[in-house]
Protein chains: 2
Amino acid sequence: MISQSNIEKTDSILSAALRLFVKYGFHGTPTSRIATEAGVSNGTLFHYFKTKDELIVALYIRVKEQLNAYLAEHQDEKDDVRVRFRNIFVHSINWSLKNREEFYFIQQFHFSPMLALVPADEFERQSKIHVGLMQEAVKQKILKPLPIELIATLVSSQIYGLHQYLVGSDLSVGKQQKMIEAALELTLEMILK
Amino acid sequence: MISQSNIEKTDSILSAALRLFVKYGFHGTPTSRIATEAGVSNGTLFHYFKTKDELIVALYIRVKEQLNAYLAEHQDEKDDVRVRFRNIFVHSINWSLKNREEFYFIQQFHFSPMLALVPADEFERQSKIHVGLMQEAVKQKILKPLPIELIATLVSSQIYGLHQYLVGSDLSVGKQQKMIEAALELTLEMILK
DNA sequence: GTCTATATCTCGATAGAC
DNA sequence: GTCTATCGAGATATAGAC
């Protein structure tokens, strides 16, 4: 039995799709090509995903779940808020560097009409880790007096920006860690009283 | 003579394309629809743009030129570097709010395979204003000791993040200006010694 | 569940009259 | 330069045998 299980099949379809979408865009990637590279037939692909759009959205949800699972692993609610903040920041960047295609795909998806196809409650589910931390920080009154949505958005942007810089410049692992620490300090100074 | 001149025609083609791309994506927008909404025939569209890709890239270059022209208007090299920095930041945000489709399109384009089709020297042309300011800031040694590429990227990210927040929340013009000022201060603190 | 074969459609791009 | 008409390619999605 070399043949794949069902889960493995949807997995290899989504993995192939991810690789191709990042390289050629949603448009430039025919479902037939996804099927071929996943090692299944065209008909099988449409057995697991009713439409191409459904496949794209499912991929987005899966990628976000992977990111959130990674962050949850490195998050302990018993830690000090500053430590928890640091962990989210640093591990978000680490994940983004270890999973560049996935991270690119998230942004590609965000700036596409596909975003409107995601069920509303999915976004809530995804942001639990961040919301929890923000609420705790508000409770402890350690944030500057600004809307928390603004603070959250600016922190996200810092992560995107830092990621972009690190991918563009080709630093050694050591220098990279120094830069991450430096950017983290800037970010903390920016949002903390 | 109600008929349009050539320039007006490429203009209305690009304007229609912008509106449609933002709404339906590059994929979801047929050239036929662009032509119809621009008030020209399909054949005419392909007279002015050899391919659809060429049209998309031309639109990107035009939009970036509009942004840069706007920033150049509000930039005076005789001003103090901090003032110039402030002007770029504030007017970038102002432009992004007055030209939301254009600003969205820039980001949509950046996260698409189309980015690779832009001639390399085009990016240099586009970044002259920012590079000039950064060089002056380096010369005057007012920046924190970090790679200037990192600083530039983080500042851009702040602008994207602030834009996203302002578009999402529905503030009065007055509150909006307060937020812009606040974010500018955070950004300055972040990068200046 | 998986495959092959194919229906159906739409799109980008061209040809050629005016 | 602009239009109408259309070609040919390639896309999504389905049908039906196994």
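All values below come from the heavy atoms of this structure, side chains included, with hydrogens, waters and symmetry mates left out. Reminder, nothing fancy here: chain letters follow the sequence lines and each chain counts from 1. What you are looking at is a predicted structure, and each value in this text was computed from that prediction instead of being measured.
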Who passes side-chain hydrogen bond (donor to acceptor under 3.5 Å, both in side chains) against [X], sequence neighbours left out?
X: Thr153(B); answer: none
X: Thr187(B); answer: Gln158(B)
X: Glu65(A); answer: Arg125(A)

Within residues 44-51 of chain A, the residues having a heavy atom closer than 4.0 Å to DNA chain C are Thr44(A), His47(A), Tyr48(A)
With a 4.0 Å heavy-atom cut-off, tell me which residues in residues 11-26 of chain A come close to DNA chain C, sorted by residue number. none
Bend angle of the helix from dG1(C)-dC18(D) to dC18(C)-dG1(D), end axes from five pairs each (to 10°): 0°
List for me each residue that meets ring pair (Phe, Tyr, Trp, His ring centres under 6.0 Å) alongside [X], sequence neighbours excluded, and say none if there are none.
X: Tyr160(B); result: Phe103(B)
X: Phe89(A); result: none
X: Tyr104(A); result: Phe111(B)
X: His110(A); result: Tyr60(A)

What is the 5' to 3' range of DNA chain D, first to last nucleotide, that sits under 4.0 Å from any heavy atom of chain A? dA11(D) to dT14(D)
Per the under-4.0 Å heavy-atom filter, residues of residues 34-42 of chain B near DNA chain D come out as Val40(B), Ser41(B)
Under the 3.5 angstrom rule, does the side chain of Ser112(B) hit a backbone N or O of Met114(B) as a donor-acceptor pair? yes
